[in-house]
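The structure appears below as structure tokens.
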Amino acid sequence: MAAPILVVDDDLFFREFVTDLLSRRDYRVVAVEDGARALEEVALTRFDLIITDVVMPGLDGFALTARLRELDPEQEVLLVSHRPDVKGSEMALRAGAADCLTKPIEEADLFLAVERALQRVALRQERSQLRDENFEFARDHNLHRRCLEFLSYPDLEGLQERVIADLAAVCDAQSAALWVVDDRGDLTLRAYRGLLDRQFLVEKLRPEGPLAARLREAAPWRVREERSPVLYVPLFAAGELMGLAQLSDPLSGEFQHEHVRQARVIGDFAAVGVKNGRRMLALQRLGLRDRDTAAYNLSYFTDYASKEIYKARRYGRTFSLLTFSIDNLPLVRARLGAAEAKKAVRGIIRALSRIIRDSDVIAKASDQEFYLLLPETDFFGALMFVRRATSAVRNEPDVQEVDAKLPLALVGGAGTFPKDGEDFDELVHRCRRRMDERRASLQRRLLLEGLPFWDEVELLLGSPTSPKLPVDERAEPSRRGKVADVLFDELQAEIARELMRDPGSRGLLYVGGPEIRADLPIAAGLESAPPELASRIYLLGRRVDLESHPALMPVFLEGDERVARHEFLFWLSEHASYALIQRRGKGATWGFHSSDTAVVDGLISKLQAEYDLQPY
């Protein structure tokens, strides 16, 4: 139905006359007596045509026409006047009137003028509709063109960046972030842009609770957060959750219905693109594996590492590079044959493959050396992985079979970005230095690996008549002999201060002795430890007066005389490794202390096994 016609005239008879004529033709008519009332009606309702008298008190027809054309340059206005000279006059044309009629008006002339004006309105509306449809078609065509590119994007990392860029563009959002489902089912942050502060972005989102309920709807949703409106866009492909995008800081101040519609279209295509990208990556990896070991070749690994370095720099992330070497593989090949050497290598790769994540990559660097890349893994996590990897390799049947004939000399080293270097060569160099340190370590030179915990403790402590410990300049120093009585307490206090300075640093600390007391320096130093303390601290000994502590986990060992005769402190963290073992005697305290990472890690591992303590 057409919009109504407004009739403006101070003459009541004329208003009723025109209203009656037009109403009989099924036109909807609104009639007012002056220009001021006309402007009030125009503010409330859109009129296709306004018929106005020229001579009126207050705002006359010319002034009213000019005001109407200011509000809407395409407004159709029909002037009516007793004066015959108004038609085609300069004032009428300048005011913008479409036509002029002279009173008294002929019915036929009125209908003709009205029909012409409404035809012009209809043509403009049709043109506007066609223009809008063309714009809509062009916008949808551009949207689908963007979406189709997702389906064949060659690089998964680049696709993730492209998805948030396109989502931000179509939704006029100044900020965007993207979480993608990892191999554990968690949503992991993969890309972000705009006004977002990285420290306020959650690294992982678990699809549970209220978030899971929202995700099950598989549709975008809007929320109003304190800083900005936020639009969340879930990415589903064939019912499988692939990711979640977050858009914020819209230029218009709010996300409109059209934004939500377009975001959903992009989200659907992006989910398929991510799924295809992961499949393509898996296929590429299949074609880039070593034939004998199924590890990736070095060219693929270096390319993958360069991308990981770019992501780490771009998003402030960390990752670790590990190197493993079978030092005596040539000897195994010479003595046992090539088949046994291959069996050992395949067994090692098989054991490592079982404990890595989907995002981790193993590559064969040479016949006896392998690289592992662990995304989003800090140095402490890399140390823990080296321990797990060594244990997994030792438990592999093929490795055990070869090891029984000729013990395998397996050594690993870790380097972390950016702590140990900011390019691939620097990280490899750092890994090899740490491998050299482990080769020169007291752990290897004294063949400590197979000893139980307390046997190793007694061997390391020795006695005043024991031979000196072997020294190697490549290894961190280890010493035994008389130690100051206060060293045990001073070390606890210093470690407590270090933990308070950097509560987010991950690490393990074991403090053992005859009694677990509330006045231990570590207990006093961590009394006000923050809840976010990342290190785990254990106290081992006989229960005395320490009931509970916010940062310490007591392990009560009643009746163990070996613990009662010794005091020990083992600390392994991202930044330090240290071990102290001591026996207090009548005349002096005899002790062993070392910053040899292999020795410290070995002591901790054996202590955990001895007392069934949970590994980190």
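These figures come from a predicted structure and were not determined experimentally.
- Ion pairing between a basic and an acidic side chain is recognised when a charged N comes within 4.0 Å of a carboxylate O; E376 and R190 show such pairing.
- By the 6.0 Å contact criterion, NZ on K482 is open, its count of non-hydrogen atoms from other residues, nucleotides or ligands being 12 or less.
- With hydrogens and angles left out, the side-chain atoms of D378 and T318 include no donor and acceptor closer than 3.5 Å.
- The aromatic rings of F568 and F570 lie parallel to each other, their planes meeting at an angle below 30°, with 60° marking the opposite boundary.
- For K343 and E396, the salt-bridge test fails: no basic side-chain N is under 4.0 Å from an acidic carboxylate O.
- Salt bridge annotation for D403-R394: present, with a cationic side-chain nitrogen under 4.0 angstrom from a carboxylate oxygen.
- Ring to ring, Y510 and Y538 are close: their centroids are under 6.0 angstrom apart.
- Look at R444 and D327 and you find a salt bridge, because one of the NZ, NE, NH1 or NH2 atoms lies within 4.0 Å of a carboxylate O, short of that distance.
- Just one residue in the list V361, T377, I356 forms a side-chain contact (heavy atoms from CB on, under 4.5 Å) with L372, and that residue is I356.
- Taking 4.0 Å as the cut-off between side-chain N and carboxylate O, R346 and D398 do not count as a salt-bridged pair.
- The aromatic rings of H566 and W454 lie tilted to each other, with the angle between the two planes from 30° to 60°.
- A 6.0 Å sphere centred on CZ of R562 holds more than 12 heavy atoms belonging to other residues, nucleotides or ligands.
- No option in L461, V483, V457, T589 other than L461 meets the side-chain contact (heavy atoms from CB on, under 4.5 Å) test with R583.
- Between E490 and R497 there is no salt bridge, since none of the side-chain N atoms of the basic residue sits less than 4.0 Å from a carboxylate O of the acidic one.
- For the residue pair D596 / S478, no side-chain donor-acceptor distance below 3.5 Å is found, with atom types taken as modelled.
- Using a cutoff of 4.0 Å between basic side-chain nitrogens and carboxylate oxygens, D360 and R357 are scored as salt-bridged.
- A side-chain contact (heavy atoms from CB on, under 4.5 Å) with R434 is found for one member of L383, T597, D420 and no other, namely D420.
- One finds a salt bridge joining K307 and D303 here, because a Lys/Arg side-chain nitrogen approaches an Asp/Glu carboxylate oxygen to under 4.0 Å.
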